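This report refers to the structure that appears directly beneath it.
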Amino acid sequence: MPDWIVSFIAASLGQAFSFLAVVSLVFVVIWRWGAKRLEGRRIRTKGRPFDGAQLRHELVNTGAVLLVGTAQGALISALYDRGLTTLTMDLGALGWGGALALTVGLVLFNDLWFYAVHRTLHTPWLFKHVHSVHHRSVDVNPFTSYSFHVVEGALLGAWVIPALLFVPMPMPVLMAAHVIGTTNNLMAHLGYELLPAWWTRAPLLRWSNTATFHSLHHGQLKGNYGLFTRTWDRLLGTELPSYEQAFAAATASGAPRPATDA
Ligand SMILES: [Zn+2]
Ligand SMILES: [Zn+2]
């Protein structure tokens, strides 16, 4: 068997194992250990609940999306070996300040990219053939995070390789942006709101996305398209008006709960 196939299989298994280990740990802590303890923080209290069929669907699609991610990693590695990327292994001339600024820049760019791709995926043809795979999960949980159609997985990460051809990119910055993106995606699909009640009133923090924000998107199938911040939904008028009320309800036990579905 050629070496590149062996390395591809090893990289795929390594990535799948580490990703599933993290997601399973979050699932066990929040959805099993926390089932009673965090009851008041459960965002979705009615409608079709998470079940075994949903979990199987999510695991199959997550596996396929992880393969796309590994293929992208293999392509980056091949381009790097041929000296075709701007990747450097250390921070180089950027220093810590420049690296931090570039990381923030990448996250903000990814926020806009996600919003634009996601909103496009909600057009009728793309929704039916591609994005409905992700929306099969209504009661979102950590295993929903990477349960996409492979085309969606490729589109969401499509900016990375062009960026590595033109923007000076230290590996630690790329890794930091990847870890922030994965953590944020997991948080958005937690199904429980763990942030404090004052979050949506705090300056700056109120602009960030929350688990409630994205849960409402899955319940209503429209609006709240952003994943990192509320910026583009606010600017373009797509934020669901029930968001702050739903957030208040999920963070204060006993508060009246607005409908999470359309
Ligand atoms: Zn969607
Ligand atoms: Zn989602």
Side-chain angles (χ1 to χ4, degrees), residues 19-20 22-23 26-27 30-31 42-44 47-51 53-66 68-69 107 110-158 180-195 208-234 236-243 246-247 250 259-262:
F19 179 78
L20 288 176
V22 171
V23 174
V26 174
F27 182 82
I30 306 292
W31 280 69
R42 183 91 155 85
I43 298 163
R44 202 181 157 75
R48 192 176 73 199
F50 168 70
D51 61 11
Q54 180 181 329
L55 179 62
R56 283 191 291 279
H57 170 87
E58 290 169 340
L59 287 174
V60 167
N61 288 296
T62 299
V65 166
L66 289 178
V68 172
V107 171
N110 201 6
D111 185 38
L112 172 59
W113 180 264
F114 185 93
Y115 181 90
V117 170
H118 189 194
R119 215 173 149 182
T120 308
L121 287 169
H122 272 267
T123 51
W125 193 90
L126 283 171
F127 187 85
K128 183 171 177 219
H129 297 283
V130 177
H131 193 47
S132 57
V133 169
H134 184 60
H135 279 283
R136 161 78 177 71
S137 308
V138 181
D139 191 9
V140 297
N141 70 90
F143 289 103
T144 314
S145 314
Y146 283 84
S147 172
F148 299 128
H149 190 292
V150 286
V151 170
E152 179 169 346
L155 282 173
L156 290 174
I180 292 169
T182 305
T183 308
N184 181 65
N185 194 357
L186 256 177
M187 180 280 295
H189 294 95
L190 218 47
Y192 286 80
E193 187 53 76
L194 302 184
L195 293 172
S208 84
N209 218 307
T210 65
T212 306
F213 190 89
H214 195 64
S215 267
L216 289 180
H217 173 72
H218 277 263
Q220 303 197 18
L221 280 186
K222 60 174 183 180
N224 290 12
Y225 298 106
L227 199 69
F228 290 86
T229 76
R230 298 161 66 184
T231 315
W232 298 105
D233 283 293
R234 295 286 292 232
L236 300 172
T238 52
E239 184 168 285
L240 292 168
S242 58
Y243 168 54
F247 185 88
T260 45
D261 288 344

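Both ligands and their constituent atoms are indexed starting at 1 by order of listing. What you see is a predicted model; the values in this text were computed from it and never measured.
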Inset, instruction - Report yes if the distance between the aromatic ring centroids of H189 and H218 is under 6.0 Å, otherwise no. - result: yes

Inset, instruction - Quick one: sort the W31 and Y192 rings into parallel, tilted or perpendicular, breaks at 30° and 60°. - result: perpendicular

Legend entry - Flag side-chain contact, heavy atom, 4.5 Å: F247 against L195: yes

Inset, instruction - Report the relative orientation of the aromatic rings in H118 and H214; use parallel for angles under 30°, tilted for 30 to 60°, perpendicular for over 60°. - result: tilted

Legend entry - H134, N/O/S atom nearest the Zn ion (ligand 2): NE2

Inset, instruction - Determine whether the aromatic ring centres of F228 and F114 lie less than 6.0 Å apart. - result: no

Legend entry - N, O or S of H214 under 2.8 Å from the Zn ion (ligand 2): yes

Inset, instruction - Kindly report the NE2-the Zn ion (ligand 1)-NE2 angle for H217 and H131 respectively, rounded to 10°. - result: 170°

Inset, instruction - Please calculate the NE2(H118)-the Zn ion (ligand 1)-NE2(H122) angle and round it to 10 degrees. - result: 100°

Legend entry - N, O or S atom within H189 nearest to the Zn ion (ligand 2), by name: NE2

